[in-house]
Amino acid sequence: MVAVLFIVFVVALAIGVPVAFSLGLASVAYMLGSHIQMINFAQYFFKGLDSFTLLCIPGFTFAGNLMNQGGISEKLLDFADALVGHITGGLAYANVLASMVFAGISGTALSDTVALGGVEIPMMVNQGYDVPFSVAITAASSCLGPIIPPSVPMIMAATMTGLSVSKMFMAGIVPGLLLGLGMCGTCYVLSVKRHYPKHERSSWKKRLEVTKDAIWALLMPVILLGGILSGIFTPTEASVVTCVYSLIVGVFVYKEIKLSDVPRIVYTNMRSCSSIIILIGLANVFAFILTNERIPQKVATAILSMTTNRILVILLINLVLIFVGMFMESLAAILITFPVLLPVATAVGMNPVHFALMAILNLMIGLTTPPVGMCICTGAQIGGVSSWKAFKANMPFLITSLIVLMLVSFCEPITLWIPSLFA
C-alpha cells in the first residue's frame with residue numbers, strides 16, 4: 001500500500017492537483033486499501049492543527065499585510081537608498097537591505113517579493129539596471145524572509161518536530177546576515193563590472209528625514225526579537241503584539257490604512273492562511289502514514305547503509321532537499337521531508353535546530369531555481385521579462401546562496417551560537 005500512497009500522490013501532482021489535496025487523496029487511497037479506519041483521517045487532520053504555536057502564522061502574515069498596505073515598502077527602500085545609494089550599484093544594495101528589514105515583519109519570501117518587488121524592480125529599471133538583474137536580486141533577497149525571524153517556515157518546522165520556535169528564530173539570525181552580506185558582495189562585483197549607476201551621497205539631513213519616516217518600520221523587528229530573546233513574550237504572543245503595532249502604525253502614524261480597509265485585509269489574510277492550515281492538517285495525516293509504515297527509519301537505514309560519514313550524509317541530505325525544493329512549494333516540502341530526514345540527520349549527530357535551519361535554507365534556495373522558482377517567476381511577472389532570463393541572471397546569487405548553505409551545513413556554531421547564549 002505504500003506504493004499506492006506515493007503513486008497517487010505523484011499522479012495527482014502531475015495532473016495539477018494542489019499539493020494539499022494531493023496529500024489528502026494519497027492518504028485516503030492508502031487508508032481505503034489498508035486496515036486503518038477512515039476515522040483516523042479526521043483524528044490526525046485535527047491533531048495536526050491542535051497547536052498553540054500555529055497561531056503565529058495568521059498573526060505574522062496579518063502583520064505583514066498591514067505593514068505592506070501601510071506604505072512600508074517605499075519607506076524602507078528610501079531609507080536603504082539614502083544609506084548606500086551613493087555606491088556603484090547602490091540601489092541593488094538598498095534592495096537587499098530593505099529585504100533584510102522587511103524579513104523581520106512578513107516572515108515569508110513570496111510576500112517580500114510581491115511587496116518590495118512592485119516598488120524596487122520599476123525603480124531599478126528606471127535608473128538603468130538590467131530588467132533580469134533587477135528581478136534576480138529582488139527574488140534572491142526575498143529568500144532572506146524565512147531565514148531572518150520571524151519565519152512561517154520555521155514555525156511549521158518547529159511544530160512538525162517539537163522544536164522550540166524561539167530557538168529556531170534565534171538560530172536564523174546569523175545565517176540570515178551572512179546570506180545578506182554575501183548577496184551585497186555579489187551585487188558589488190556585478191555592479192562594478194557592468195557599470196551600474198549610483199547617485200550623489202545623500203546629505204545627513206536627508207538621511208535623518210528618511211530615517212524618521214522609516215523609524216516605525218525599523219523598530220518592529222527590534223521590538224519583536226527583543227521581546228522574544230528577553231523572554232517578555234513567546235513567539236505566539238509576539239505575533240499578536242506585531243499585529244497591534246502594525247495596525248496602530250498603519251492607521252495612525254503612516255495613515256496609509258483606513259479603518260474601513262481592515263476587514264478587507266483580514267479577509268485576504270484569512271484566505272491565504274486557510275490554505276496553509278489545510279496543508280498542515282493533511283500533511284499530518286500523510287506523516288502519520290509514513291510513521292506507521294516506518295518510512296523515516298527505512299530511509300535513514302538506506303542512507304546510512306551507503307555511508308556513515310557525517311560529511312557525506314549531510315551532502316546527501318542537501319542534495320535531496322535542493323531537488324525537492326526545485327519542484328515543490330517550500331511549506332509543503334517542509335511538512336513532507338522533515339519527518340523523513342530528521343532521523344537521518346540526528347543519526348550522524350546533527351543538532352535538530354541546526355538541521356532545521358539547513359533544511360529551510362535549502363528550500364528557500366529552491367524558490368529561485370528552475371523549473372518552479374515561485375519568487376523568480378513572480379518577480380519576472382512584475383518586471384515583464386521571461387522567467388528563463390531571470391533564472392539566468394540569478395546564477396551568481398544562486399552560487400552565493402550555495403556557498404552560505406555549505407557554511408551553515410558544516411559550521412554548526414553559525415546556527416547554534418545565539419541560541420546557546422540564551423539557553
Side-chain angles (χ1 to χ4, degrees), residues 1-14 19 22-31 33-36 40 44 48 153 156-163 279-280 282-366 369 371-372 402 405-406 408-412 415:
M1 291 308 300
V2 175
V4 172
L5 177 76
F6 287 106
I7 289 172
V8 172
F9 177 63
V10 172
V11 170
L13 284 179
V19 175
S22 297
L23 292 171
L25 287 172
S27 301
V28 168
Y30 173 88
M31 290 182 175
S34 66
H35 63 281
I36 299 176
N40 284 283
Y44 280 93
M156 295 182 68
T159 304
M160 288 292 295
T161 55
L163 298 174
L279 174 62
I280 293 171
L282 293 174
N284 196 65
V285 179
F286 195 82
F288 156 70
I289 295 172
L290 295 180
T291 304
N292 188 62
E293 292 287 345
R294 297 180 59 81
I295 299 298
Q297 291 84 350
K298 291 176 182 177
V299 171
T301 302
I303 291 178
L304 295 174
S305 66
M306 292 188 287
T307 178
T308 56
N309 184 286
R310 176 186 168 90
I311 294 176
L312 292 178
V313 170
I314 292 175
L315 285 174
L316 283 172
I317 292 174
N318 278 310
L319 288 173
V320 170
L321 288 167
I322 286 178
F323 179 77
V324 171
M326 289 173 65
F327 296 94
M328 188 174 290
E329 194 271 329
S330 58
L331 297 183
I334 287 171
L335 294 170
I336 294 170
T337 59
F338 266 56
V340 177
L341 294 177
L342 181 59
V344 183
T346 54
V348 293
M350 285 190 76
N351 182 288
V353 173
H354 178 209
F355 162 76
L357 255 295
M358 181 190 78
I360 290 170
L361 181 53
N362 266 290
L363 297 173
M364 291 310 106
I365 292 172
T369 56
V372 180
L402 292 174
L405 173 62
M406 290 299 100
V408 170
S409 299
F410 296 106
C411 186
E412 198 172 76
T415 54

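As the structure is a computational prediction, the values presented were derived from the model and not from experiment. The figures that follow rest on heavy atoms only: side chains count, while hydrogens, waters and symmetry mates do not.
Within a 6.0 Å sphere centred on CD1 of Ile311, other residues, nucleotides and ligands contribute 12 heavy atoms or fewer. For CZ of Phe410, the number of neighbouring non-hydrogen atoms (other residues, nucleotides, ligands) closer than 6.0 Å is greater than 12.
With a 4.5 Å cut-off on side-chain heavy atoms, Leu315 and Met406 count as touching.
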From CA spacing to verdict: side-chain contact (heavy atoms from CB on, under 4.5 Å), Leu321, Ile365:
CA-CA 10 Å; Leu321 288 167; Ile365 292 172; over 6 Å; no
Evaluate side-chain contact (heavy atoms from CB on, under 4.5 Å) for Val28 paired with Val285, printing each intermediate quantity in order.
CA-CA 9 Å; Val28 168; Val285 179; over 6 Å; no
side-chain contact (heavy atoms from CB on, under 4.5 Å) between Leu402 and Ile322: does it pass, once the steps are laid out?
CA-CA 10 Å; Leu402 292 174; Ile322 286 178; 3.9 Å; yes
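In plain terms, the two heavy atoms of Ala333 and Leu363 that are nearest each other are CB-CD2, 3.8 Å. Between Ile334 and Pro153, the shortest heavy-atom contact is CD1-CB, 3.4 Å. Taking all atoms of both residues into account, the shortest heavy-atom contact from Phe355 to Met350 is CA-CE, 3.7 Å. A pairwise comparison of heavy atoms in Leu163 and Pro352 identifies CD2-CB, 3.5 Å as the closest pair. Across Phe338 and Pro343, no two heavy atoms sit closer than the pair O-CD, 4.4 Å. Taking both residues in full, the closest heavy atoms of Ile360 and Ala157 are given as CD1-CB, 4.2 Å, listed atom of the first, atom of the second, then distance.
Here CG of Leu25 is found 9.0 Å from CG of Leu282. Values are rounded to the nearest 0.5 Å. With rounding to the nearest 0.5 angstrom, the CD1 atom of Ile295 is 10.5 Å from the CD1 atom of Ile289.
Residues Phe286 and Tyr30 keep their aromatic ring centres 6.0 Å or farther apart.
Residues meeting the salt bridge (Lys or Arg N to Asp or Glu O under 4.0 Å) test with Glu293, sequence neighbours left out: none. For the side chain to side chain donor-acceptor pair (under 3.5 Å) test, no residue two or more places apart in sequence or in another chain qualifies with Asn351. Annotation: salt bridge (Lys or Arg N to Asp or Glu O under 4.0 Å) contacts of Arg294 (sequence neighbours excluded): none. Applying the ring pair (Phe, Tyr, Trp, His ring centres under 6.0 Å) criterion to Phe6, with sequence neighbours excluded, gives no partner residue.
Each side chain to side chain donor-acceptor pair (under 3.5 Å) pair with one or both residues in residues 299-310, not counting sequence neighbours, would appear here, but there are none. Residue pairs meeting the side chain to side chain donor-acceptor pair (under 3.5 Å) criterion with at least one member in residues 314-327, sequence neighbours excluded: Asn318-Asn362, Asn318-Ser409.
Distance alone, capped at 3.5 Å, places no donor-acceptor pair between the His354 side chain and the Cys411 backbone.
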